[in-house]
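Reckoned from all heavy atoms, side chains included, excluding hydrogens, waters and symmetry mates. In each ligand, atom 1 is the first atom listed, and ligand 1 is the first ligand listed.
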Amino acid sequence: MIAVLPGDGIGPEVIREAVAGMDAAACALGLELTFEQFPCGAAQYQRTGRQWSRGALRACRRAEAVLFGAVGLPGVTLDDGRAAGADVLFGLRQGLYANVRPVKLMPGVRPLLGGRPSAVRPEDVNLVVVRENTEGLYAPFAPLLPKGPEARDVRTITLSASRRIIRHAFSLAAARNKRVTCVDKSNLLAGCVLFSQAFQDIATRHPQVKTDHLFIDAAMPALLRNPAAYDVLVTTNLFGDILSDLASVLGGGLGTAPSANLGTKRGMFEPVHGSAPDIAGKDTANPVGAVLSGAMLLEWLSRKGEWRYQVAGSLLEQAVRDVTSRGICTPDIGGTARCSEVGAAIVESVAANAKKMRDAR
Ligand code: ATP
C-alpha cells in the first residue's frame with residue numbers, strides 16, 4: 001500500500017496528477033498499486049483540531065512508501081503559535097536521514113533568470129543535492145519560538161549522521177557520473193569541520209569517485225554559472241534546503257523539482273515546493289515536481305528486486321519529458337496548460353510509450 005497525503009494548498013491538485021501517472025505507469029508494466037489517502041495538515045487542523053487524520057501516521061509507518069503533497073496555510077497556527085501542519089512533515093521525516101533532491105532540466109523548459117529565458121541547456125543540468133535530514137538547524141527538537149529579546153538556534157552536527165549521509169551520496173554517485181562535491185562552511189563553523197573531515201575520510205575509500213569541496217556561499221553562484229560541472233552535492237540540513245531551492249531554478253523552478261526522504265527501510269516522496277496558497281484551487285499549479293516524485297517512488301520500490309518498478313519509474317519520467325518537449329507546460333515554466341491538462345498528457349504519453357515498448361518486443 002502506498003499512503004497518499006495530499007495536504008494543503010496545491011498539494012491535492014498536484015498529487016492527483018502524480019497518482020494518475022504512477023497508476024498508469026505501474027498498470028502498463030502489469031503491476032498493481034494500492035493507494036490509501038489520508039487528510040492532514042492545516043486545513044485538517046482547522047476542521048478537526050488535529051493535524052493528522054485518525055490512523056494516518058500508523059498507516060504511513062506500515063505503508064510500502066508515502067507520497068506527500070505539501071502542508072501549511074497562511075494564518076493557520078497551533079495554540080503555541082507554530083504553523084499548523086509542520087508537525088506532519090516532521091513526523092513523516094523522522095528517521096528518514098537522506099533528503100535526495102535531483103535537478104534535471106526537461107526539454108522544452110527554459111529556466112527564467114531575471115524574467116528572461118536563460119541559455120542553459122537540458123544536457124547541462126543533471127545533478128542531485130543530498131541533504132542531511134535529521135539534525136542541524138532544522139532538527140525537530142530545536143526551540144521554535146523566541147522566548148525573549150534574544151533567540152538562539154542550536155545546530156548539532158554529529159559524526160555518525162554526517163558519515164551516514166556522506167556514504168549515501170557516494171553510493172548514489174557510484175551509479176551516476178562518479179563525482180561528489182562536499183558543500184559546507186568549514187572555514188567558520190565547527191559542525192562543518194566535522195562534516196568535511198568525515199567527507200575526506202570516506203572519500204579516501206572511494207578512489208573511483210572524483211571529489212571536490214565548496215563553501216556554501218561560493219557554491220551558490222558556482223552552481224548557477226556552471227551546472228554541468230556538478231553531479232552529486234552533499235551537505236548539511238539548512239544548507240541543503242537553500243542550495244536545492246536555488247538549484248531548482250536550473251530545472252525551471254520550484255514547480256518542477258521532486259524529492260525523496262529515505263531511511264534504511266522507509267521512503268517518503270514529495271515535491272520540493274510548499275502549499276503555494278496564492279495559486280491553490282486554480283488548476284494552474286505545475287504537477288511536474290509531484291509526478292517526478294512519484295517516478296522516484298516507483299524506482300525506489302524496485303530495490304527489493306522487482307525490476308518492473310524501475311521500468312515504470314523511467315516510463316513516467318520519459319512521459320514528463322515528452323510532454324514538456326511538446327510545450328504542454330503550466331504558466332510557471334512559460335506555458336498555458338492547466339495542471340490537469342499536463343497530468344492527462346502525461347498519462348497519455350505513458351500509455352503511448354508502453355505500447356511502443358510492447359510492439360518493439
Ligand atoms: P514552504 O516553506 O512550505 O516550502 P515556500 O515558502 O517555499 O513553502 P511555496 O509554497 O513552495 O513557498 O511557493 C512559493 C511560490 O512559488 C508560490 O507562491 C508559487 O507562486 C510558486 N510555486 C510553488 N510551487 C509551484 C507549483 N507547483 N507550480 C507553480 N508555481 C509554484
Using distance only, find each side-chain donor-acceptor pair of residues 106-115 under 3.5 Å and give its atom names and separation, not counting sequence neighbours.
residue, atom, partner, partner atom, Å
Arg110, NE, Ser118, O, 3.3
Arg110, NH2, Ser118, O, 3.3

Does Arg164 pair with Glu135 as a salt bridge, N-O distance under 4.0 Å?
no

Pairs under 3.5 angstrom, nitrogen or oxygen on both sides, ligand 1 versus protein: list them out, please.
residue, atom, partner, partner atom, Å
ligand 1, 10 (O), Ser275, N, 3.4
ligand 1, 10 (O), Ala276, N, 2.8
ligand 1, 11 (O), Gly274, N, 2.5
ligand 1, 18 (O), Asp278, OD1, 2.8
ligand 1, 18 (O), Asp278, OD2, 2.8
ligand 1, 20 (O), Asp278, OD2, 3.0
ligand 1, 27 (N), His273, NE2, 3.4
ligand 1, 27 (N), Asn286, O, 3.1
ligand 1, 28 (N), Asn286, N, 2.8

Could you list the donor-acceptor pairs under 3.5 angstrom formed by side chains in residues 12-36, with sequence neighbours left out?
residue, atom, partner, partner atom, Å
Glu13, OE1, Asp283, N, 3.4
Glu13, OE2, Gly281, N, 2.4

Check Glu150 with Arg152, please: is the shortest side-chain N to carboxylate O separation under 4.0 Å?
yes

Please tabulate, for the side chains in residues 55-77, all donor-acceptor contacts under 3.5 angstrom to protein atoms that are two or more places apart in sequence or on a different chain.
residue, atom, partner, partner atom, Å
Arg61, NH2, Gly91, O, 3.3
Glu64, OE2, Met1, N, 2.7

With the threshold set at 4.0 Å, does a side-chain nitrogen-carboxylate oxygen contact exist between Lys355 and Asp359? yes

